[in-house]
Structures are given as C-alpha cells and as structure tokens.
Amino acid sequence: MISNHAVARILREIGLYLEMQDIPFKPRAYEKAAEEIESLSESVSALYKEGGVKALKELPAIGQAIAEKIEEYLTKGNIMYYEKLKKQIPVDLEALTGIEGLGPKKIKVLYNKLKIKNLKDLERNAKNGKIANLEGFGEKTASNILEGIEFQRTSGIRFILGHVFSDIELIIERLKSVRGVTHAISVGSARRMRETIGDADILVVAKKSLAVMQIFVSMPEVVRVFAQGSTKSSVQLKSGLQVDIRVVSRESLGAALNYFTGSKDHNVALRKIAIKKGWKLNEYGLYQRPTYRTGKQVKSDPPPSRLRRAGRRQGWKMIAGRDEEGLYKKLGLSYIEPELREMTGEIEAALRQAQGKHPGLPRLISYNALQGDLQIQTNWSDGAHSILEMAKAAHAQGLNYILITDHTKRLTVTHGLDARRIQQQWREIDSVNKKMRGKIKVLKGTECDILKNGTLDLPDSILSKLDVVGVSVHSFFALSKKEQTTRIVRAIQNPHVDILLHPTGRLLNKRPSYEVDMDEVIRVAKTTTTALEIDAFPERSDISAEYIKKCVNAGVKMSISSDAHATSHFAFLRYGVGLARCGWARKRDIINAWPEKKMKKMLK
DNA sequence: GCCGTTTTCGGCCCGACTGTTTTCAGTCG
Ligand SMILES: Nc1nc2c(ncn2[C@H]2C[C@H](O)[C@@H](COP(=O)(O)OP(=O)(O)OP(=O)(O)O)O2)c(=O)[nH]1
Ligand SMILES: [Mg+2]
Ligand SMILES: [Mg+2]
Ligand SMILES: [Zn+2]
C-alpha cells in the first residue's frame with residue numbers, strides 16, 4: 001500500500017519543479033496539498049478506495065486536478081505530469097533541498113550548468129571550485145553548501161519537547177539576564193505545546209537588539225550561525241537543535257508573539273481576515289492604511305529607532321498588537337489559546353464565540369487542574385523508587401491521589417507482578433497510606449498486560465479488588481489492524497477494566513504505533529465507559545491530540561498520566577495537560593482533574 | 001491549482017537575512 005508520505009513527497013516535488021519554472025501560486029497549491037496529505041491520520045490510499053476522487057476532493061487544499069493526480073499515483077504507481085517534470089531535471093530533490101540555503105532555483109542552475117544530481121555531485125563541485133564560479137554563486141555560497149552537507153539535518157527528525165524543554169529554558173534565562181531585555185519567551189511549536197518541535201523559537205523584547213544578538217550567537221553550545229541580523233538570528237546547537245530568535249520592541253509584543261507562535265497556517269488565516277477588513281497584519285502590529293484627507297498630510301509615527309521603524313511604512317497607523325488579546329479582539333475574534341492555533345477550526349469557533357454563537361472555543365483544562373496521577377511504576381516492577389518515595393514526590397507536586405500501576409508478570413524484563421506479589425504490594429500501599437496520614441491517597445492499580453488474544457495477565461479475582469485497572473499492549477505489535485483492534489476491544493470489554501493505557505503504543509522517533517482502528521476503540525470505549533489515557537511520558541505522548549479531540553467529541557473520558565518511573569517524572573504531567581489542550585480537552589473530559597471519589601464513581 | 005455569507009473569476013501573508021548583485025532574487029521564518 002502506498003503511504004501518505006510517498007504521496008506527499010511526490011506532490012511536494014511537483015511544487016518544487018513548478019517553482020523552478022517561476023510559475024506563480026501553483027507551487028504553493030501543491031505544497032499545501034502535500035502538507036495536507038502528510039498530516040492526514042487515515043491513509044489516502046484507503047480514503048481513495050472508499051470514496052474515490054470525490055473523497056479526495058473533500059480534503060482541504062485538494063481539488064479536481066490534484067485529486068486526479070493522486071488517483072493516478074495510487075492506481076498506476078506514477079504520475080505522468082511528475083515524470084515529465086522530473087525528466088527535465090532528474091535530481092534527488094529531497095536530499096538537495098535538505099541542505100540549508102538550497103532551494104529550487106539554485107538546484108535548477110546546479111543541474112543545468114554542472115549536472116549536479118545528488119549530494120555527492122554537490123560536494124565534489126563545491127570542493128573543486130566549479131560552484132563558486134557559477135554566475136549568481138560565489139565563494140561564500142560554495143562554502144555554505146559544504147558546511148550544509150556537514151551539518152546535514154538528520155532528515156526530518158524532530159525533537160521531543162520534554163527532552164529539550166529545559167535546554168530552551170536555560171537559554172531563555174540567559175537572555176533575560178541581558179541588560180535591556182524585558183521579556184524572553186519560548187514561542188513556536190513549543191508554546192503551542194506540540195509533543196515534538198522542529199526547532200526552538202524565542203521572542204525577546206528589548207530596546208536595543210545588538211547586545212542580545214551578540215550574546216545569543218556566541219553562547220557556548222552554538223556550533224553554527226545561520227543568520228545574524230538586528231531583528232532576527234538563527235543558530236544551531238551542539239545537540240543539533242536549531243534556535244531562532246526575534247527581537248522586537250515592547251509595542252509589538254502582542255503581534256510578535258502571535259506571529260512567532262504560529263502556526264503558520266493560523267497566521268496566514270489571521271492575515272487574510274485583516275486584509276478583508278482593509279488592514280495589514282505582520283509581526284509588528286495590525287495596521288490601518290493611511291487615510292489621506294485633501295490637503296492634509298497624515299501624521300507620521302514618532303521618530304523611530306531601528307527596531308521601531310522596521311516593517312513599517314509611512315502613514316500606516318497601528319491599531320492593535322501591543323498584546324495578543326487586543327489583536328484577536330480587533331480582528332473580531334475571541335482570544336485563542338496557543339495550543340489551539342493549528343487551523344483545526346479554532347478561527348471559526350473564536351468568531352462564533354465573539355458573536356455570542358455556539359459552539360465557541362472550549363474552556364481548556366488548566367495546567368494546575370490535575371488532582372491525581374493514574375499511571376506510576378515503582379520499584380516493585382521497573383520503577384526506580386519505592387511507593388513511599390513516589391507518594392511523597394507526588395504530594396510535593398500538589399497531587400491528592402496517585403494510582404500505583406506496576407507492570408504484570410508477562411513483562412518479565414520489568415519483573416512484572418503476578419497475583420501473589422500484587423497482593424503483597426497492597427499491604428505496602430496500606431502502610432504508606434498510614435504513613436502519609438491523608439496528605440495523599442495511594443490507590444491500588446495495575447498496568448495489566450493485554451495478552452495476544454485480548455485476555456488479561458491478571459485474574460478477574462484480583463482485578464475486581466483494585467481501585468482502578470489500567471491495561472496496555474506491550475507485545476505482538478505486528479498484528480493486523482483488525483486483529484489488534486479486536487484484541488484491544490476485547491480487553492476493554494472486560495468489566496473490571498477502567499483505563500486503556502498508552503493506547504496506540506507509539507514511541508516518538510523510535511517506532512510508530514501498532515496498527516489499530518482507533519475510531520472503533522473510541523466507539524467501544526464510549527459504550528464500556530472506559531477512559532483512554534493521555535500518557536505524558538515525553539516519547540509516548542499517547543494518545544495524540546487528534547485522538548484526544550475525537551474522544552472529546554465522542555464523550556469518551558481520558559486520564560492524564562505521567563507514566564512516572566522515578567520521582568522526577570511527575571514533571572511530565574505538564575506536557576500531558578499541554579497535549580490535552582492541543583486536543584481541545586476541558587476539565588470535564590479528564591478524570592484525574594476530578595476529586596478521587598468522582599473519578600472512581602465514573603469508572604465503576 | 002485552490003477557493004468562495006461581498007466572488008465560479010480573480011485573488012492568493014508578509015517580512016528578515018544573505019550573497020551577489022548595482023537594485024534584488026532566493027531562501028527561510
Ligand atoms: N506569517 C508567516 N508566519 C510564519 C511563516 N513561517 C513561519 N511562521 C511563523 C509561524 C511559526 O509558528 C513560527 C516559527 O516557525 P517554525 O518554522 O519554527 O515553525 P513552528 O515552530 O510552528 O514548527 P516547528 O516545530 O518548528 O516545525 O514562525 C510564514 O511563512 N508566514
Ligand atoms: Mg519552530
Ligand atoms: Mg523556527
Ligand atoms: Zn506500558
């Protein structure tokens with residue numbers, strides 16, 4: 001079966017070829033179509049099989065022409081239009097565009113003049129001076145290309161937010177200590193709390209940018225400076241992480257936050273609204289056209305410093321942008337939380353809300369809403385710390401209850417518990433509860449293995465005595481979608497089962513989820529009142545925002561758990577809340593944002 | 001090529017930095 005990625009890639013390449021020919025707008029159309037396909041959760045192939053060209057056309061950014069090309073690719077294995085384009089410039093576009101600074105125009109020249117087709121050709125010609133001699137190229141371009149080859153971004157790999165969050169915070173603290181800096185804020189996909197980020201984006205407010213930029217590019221962990229200007233710089237760190245910075249003046253904070261937080265599509269949508277109203281939106285503010293009155297000159301802005309002047313044209317009057325709230329308001333929208341800015345209906349909802357219509361924006365669960373944690377491993381299985389240590393750490397995090405969920409015996413590598421040992425564990429939990437004297441309640445639970453046939457690794461007689469039963473898949477990832485779905489559905493149909501843990505089994509940057517029909521799982525979970533977990537352990541981040549939204553819409557409740565294996569891991573809960581917010585979840589959707597009694601009653 | 005509570009035609013976000021160029025194209029955010 002042809003993957004979405006393969007379809008997206010070919011569409012993206014068509015876009016690049018059209019850009020080489022300087023054709024306007026079409027490249028953007030193909031690029032948008034490629035992005036749409038790439039971000040699709042279901043398979044295009046399956047979608048086409050079910051609904052044909054008509055179904056494809058219903059996707060945003062896909063019209064008749066592109067739908068037919070996708071059809072051609074899925075049924076014949078190639079697209080004539082693409083093959084023709086490729087024949088003219090038969091190069092490895094994916095590899096070449098992966099070099100920072102190389103785009104379609106340069107790639108075209110490199111092929112036409114030097115027959116450069118791939119990275120090998122590129123390196124050879126950069127070294128032997130042929131590239132530097134090309135018209136429009138030069139020594140610097142050639143050396144940048146060589147550097148680009150050396151630093152070649154491990155293609156497509158994104159950083160896991162939880163792994164780099166503290167690195168970003170460190171840089172931010174450093175910038176905050178620079179004289180004249182009043183704000184340094186993590187923006188981009190990190191502010192939107194996406195589980196992975198392509199780079200770190202930082203917004204700084206300062207009257208003068210020079211010192212900030214100098215300090216930024218000379219930080220000890222910087223290995224490469226992509227660009228250094230007065231408002232914008234970009235570097236690469238030892239870790240491979242790219243960091244982009246923008247410095248603006250205080251009056252533009254709102255507009256700059258909005259711009260630099262994104263997402264790009266969200267920005268473009270807001271800018272279109274501004275255009276419709278006869279205004280202009282950029283990272284400096286929302287501006288009104290100069291209104292010329294006969295014989296009178298429009299009052300121009302106060303004498304500008306370099307930063308104030310940037311991005312402005314004479315006479316444009318700033319009407320919003322000092323803060324984000326005011327910006328959205330002026331555009332006729334309710335304020336949209338960063339986690340929602342993904343062009344998944346938030347603009348329409350914000351418009352409705354501002355007009356008093358329904359449904360408006362969700363009241364997202366807040367970052368301090370969690371009262372408990374429902375997945376915790378201890379040294380009874382593969383955790384590092386004792387029940388008491390975990391209880392104390394959870395209490396310090398402000399939690400009122402935790403559920404102990406050690407693995408079960410099938411997971412031998414984790415020393416999983418069998419019926420006998422879990423009963424011994426209950427005695428220890430009882431004693432910890434006595435020691436904690438009501439400061440925190442430790443509940444008896446399990447992360448019970450789902451066996452191949454959908455039965456469970458602990459007998460019902462044990463499960464029935466637990467406060468909350470979590471189940472999860474740790475084996476037979478390769479089952480067919482149908483078998484895997486049947487297996488999981490069978491497990492959650494066991495009346496003792498309360499929560500399906502890390503439901504899709506993905507490990508970011510390591511392995512994709514197993515094949516499972518999540519729509520079916522969600523449908524069944526609704527009938528069995530089973531909760532689905534939002535596992536906040538950074539490389540899991542499971543379920544994803546997309547499925548969270550489906551649960552919210554289906555009325556299926558969720559838990560947010562740290563999946564802590566050590567006392568420090570309770571900090572992960574924050575990422576779980578962020579992920580829940582990305583999925584439009586409210587307090588009422590998250591069972592451990594409720595008091596223990598209410599939570600347990602719902603699961604009964 | 002896509003898209004539509006002002007349109008099925010005529011728009012399409014907007015700006016910074018770099019290198020190579022006598023005024024800007026290419027690339028990127
Ligand atoms: N208006 C506009 N804004 C853009 C454009 N490209 C990027 N931005 C804004 C929105 C982005 O969220 C922000 C940071 O850009 P990034 O490329 O770092 O994207 P982002 O952080 O959203 O995702 P990432 O995880 O880094 O891939 O800059 C653009 O073409 N137009
Ligand atoms: Mg980013
Ligand atoms: Mg960036
Ligand atoms: Zn597990």
Side-chain angles (χ1 to χ4, degrees), chain A residues 11 14-16 18-20 22-34 36 56-70 81 96-97 99-110 131-145 148 187-189 198-203 209 213 217 225-234 242-248 252 255-256 258-287 306-307 309-313 316 348 351 355:
Chain A
L11 293 175
I14 291 175
L16 288 167
L18 295 173
E19 217 166 318
M20 289 181 193
D22 236 352
I23 293 169
F25 306 113
K26 278 199 200 187
R28 205 71 356 104
Y30 277 95
E31 194 188 308
K32 282 207 76 177
E36 173 63 28
L56 296 177
K57 272 176 67 180
E58 288 186 1
L59 297 171
I62 314 276
Q64 184 69 33
I66 292 183
E68 278 174 6
K69 290 190 176 67
I70 295 174
Y81 183 60
L96 293 175
T97 53
I99 302 300
E100 172 85 26
L102 272 196
K105 300 286 170 58
K106 285 195 177 126
I107 290 171
K108 181 187 183 186
V109 174
L110 290 173
I131 288 178
N133 285 334
L134 288 176
E135 202 183 313
F137 290 68
E139 292 294 345
K140 190 70 194 167
T141 310
S143 72
N144 280 345
I145 285 172
V187 288
S189 45
D199 67 1
D201 301 289
I202 296 175
L203 178 65
S209 67
M213 292 307 190
V217 300
V225 179
F226 294 113
Q228 182 183 0
S230 65
T231 75
K232 172 177 169 172
S233 296
S234 184
Q242 183 176 330
V243 187
D244 295 341
I245 190 173
R246 296 251 0 207
V247 181
V248 299
S252 292
N258 185 247
Y259 154 74
F260 216 11
T261 297
S263 66
K264 177 189 166 186
D265 289 345
H266 180 88
N267 288 356
V268 171
L270 292 185
R271 287 171 181 207
K272 282 180 177 164
I273 293 174
I275 291 170
K276 269 200 177 168
K277 294 182 186 284
W279 303 330
K280 180 179 69 165
L281 175 60
N282 59 29
E283 59 266 52
Y284 301 102
L286 182 61
Y287 295 92
R306 188 170 158 72
L307 285 187
R309 191 175 61 238
R312 301 269 196 99
R313 287 197 209 119
W316 285 78
E348 295 79 357
L351 184 65
Q355 298 173 345

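Lettering of chains follows the sequences in order, A, B, ..., and the numbering in each one begins at 1.
Within 4.0 Å (heavy atoms only), A:E139 reaches sugar-phosphate atoms of the nucleic acid but no base atom. Within the nucleic acid shown, A:R28 has no heavy atom closer than 4.0 Å to any nucleic acid atom. Residue contacts shown for A:N267 are absent, as no nucleic acid heavy atom lies under 4.0 Å away. Within 4.0 Å (heavy atoms only), A:E283 reaches sugar-phosphate atoms of the nucleic acid but no base atom. If you check every strand for non-hydrogen atoms under 4.0 Å, A:Y259 touches a base. Within the nucleic acid shown, A:P24 has no heavy atom closer than 4.0 Å to any nucleic acid atom. As judged by a 4.0 angstrom heavy-atom cut-off over every strand, A:L18 is placed among residues making no nucleic acid contact. Looking at heavy-atom distances under 4.0 Å, A:K264 makes contact with a base. No contact: A:L270 has no heavy atom under 4.0 Å from any strand. Across all strands, A:P27 comes closer than 4.0 Å to no nucleic acid atom at all (heavy-atom distances).
In the set B:dG19, B:dC13, B:dC17, the nucleotide with an atom closest to the side chain of A:A227 is B:dC17. For A:F260, whose side chain is taken as the heavy atoms from C-beta onward, the closest listed nucleotide among B:dG15, B:dG29, B:dC13 is B:dG29. Considering only side-chain atoms of A:K276, the nucleotide from B:dG1, B:dC13, B:dT5 that sits closest is B:dT5. Taking every side-chain heavy atom of A:E100 into account, B:dC28 is the closest of B:dC2, B:dC28, B:dC14. Side chain of A:Y284, nearest nucleotide from B:dG29, B:dC2, B:dG15: B:dG15. Between B:dG1, B:dG19, B:dG29, one nucleotide has an atom nearer to the side chain of A:Y30 than all others, and that is B:dG1.
Applying the Watson-Crick and G-U wobble criteria (two distances, each under 3.5 Å), B:dC14 pairs with B:dG29.
The neighbour count for A:Q355 CD, taken as heavy atoms of other residues, nucleotides or ligands under 6.0 Å away, is above 12. For NZ of A:K69, the number of neighbouring non-hydrogen atoms (other residues, nucleotides, ligands) closer than 6.0 Å is greater than 12.
For the P atom pair drawn from B:dC17 and B:dT22, the interatomic distance equals 22 Å after rounding to whole Å. For the C1' atom pair drawn from B:dG1 and B:dT6, the interatomic distance equals 23 Å after rounding to whole Å. Between the C1' atoms of B:dT8 and B:dC3, the separation comes to 9 Å (whole Å). Comparing B:dC9 with B:dA16, their P atoms sit 37 Å apart, to the nearest whole Å. A distance of about 12 Å separates the C1' atoms of B:dG29 and B:dC13, rounded to the whole Å. Atom P of B:dC12 sits at a distance of 16 Å from the matching atom of B:dT5, rounded to the whole Å. As rounded to the nearest Å, B:dT21 and B:dG26 have P atoms that lie 13 Å from one another. Atom name C1', nucleotides B:dT20 and B:dT27: the rounded distance is 14 Å, in whole Å.
OP1 or OP2 of B:dG15 has not a single side-chain nitrogen or oxygen of A:Y287 nearer than 4.0 Å. Contact check, A:T141 against B:dT20: a side-chain N or O comes under 4.0 Å of OP1 or OP2. Applying the 4.0 Å criterion to OP1 and OP2 of B:dG19, one finds that A:N144 has a side-chain N or O inside that range. Applying the 4.0 Å criterion to OP1 and OP2 of B:dC17, one finds that A:S233 has every side-chain N and O outside that range. Put simply, A:Q228 has no side-chain N or O that comes within less than 4.0 Å of OP1 or OP2 on B:dA16. At B:dA25, none of the side-chain N or O atoms of A:K105 fall inside 4.0 Å of OP1 or OP2 (strictly under the cut-off). Listed pair A:K232 / B:dC17 fails the phosphate criterion, with no side-chain N or O lying under 4.0 Å from OP1 or OP2. Considering only side-chain N and O atoms, A:K280 lies under 4.0 angstrom from the phosphate OP1 or OP2 of B:dG15.
Both geometric conditions, a ring-centre gap below 5.5 Å and a plane tilt below 30°, are fulfilled for A:F25 over the base of B:dC12.
Rounding to whole angstrom units, CD1 of residue A:I273 and C1' of B:dT6 are separated by 16 Å. Taking atom CG on A:L102 and atom P on B:dG26, their separation rounds to 13 Å, with Å as the unit. Put simply, CG on A:D244 is 13 Å from P on B:dT18, counting in whole angstrom units. To the nearest angstrom, C1' of B:dG1 lies 15 Å from CG of A:L56. In this structure, A:F226 atom CZ and B:dT27 atom P are separated by 16 Å, rounded to whole Å. Across the protein-nucleic acid pair, A:K272 atom NZ and B:dC12 atom P stand 9 Å apart, rounded to whole Å. Distance CG (A:L203) to P (B:dA16): 14 Å, rounded to an integer number of Å. A:L134 places its CG atom 16 Å from the C1' atom of B:dA25, with the value rounded to the nearest Å.
Residues A:D244 and A:F226 fail the side-chain proximity criterion, which asks for heavy atoms closer than 4.5 Å. Annotation: side chain of A:Y259 is not in contact with side chain of A:N282 (no heavy-atom distance under 4.5 Å). The shortest distance between side-chain heavy atoms of A:L203 and A:T261 does not fall below 4.5 Å.
Put simply, the side chain of A:S143 gets close to the backbone of A:K140: a donor and an acceptor are under 3.5 Å apart. Formation of a donor-acceptor pair under 3.5 Å by the A:S234 side chain with backbone atoms of A:A227 is not found in this model.
Comparing A:P60 and A:I107 along DNA chain B, the residue whose closest nucleotide (by nearest heavy atom) sits nearer the 5' end is A:P60.
Atom CE of residue A:M20 and atom NZ of residue A:K106 lie 13.0 Å apart, to the nearest 0.5 angstrom.
One finds a salt bridge joining A:D22 and A:K105 here, because a Lys/Arg side-chain nitrogen approaches an Asp/Glu carboxylate oxygen to under 4.0 Å.
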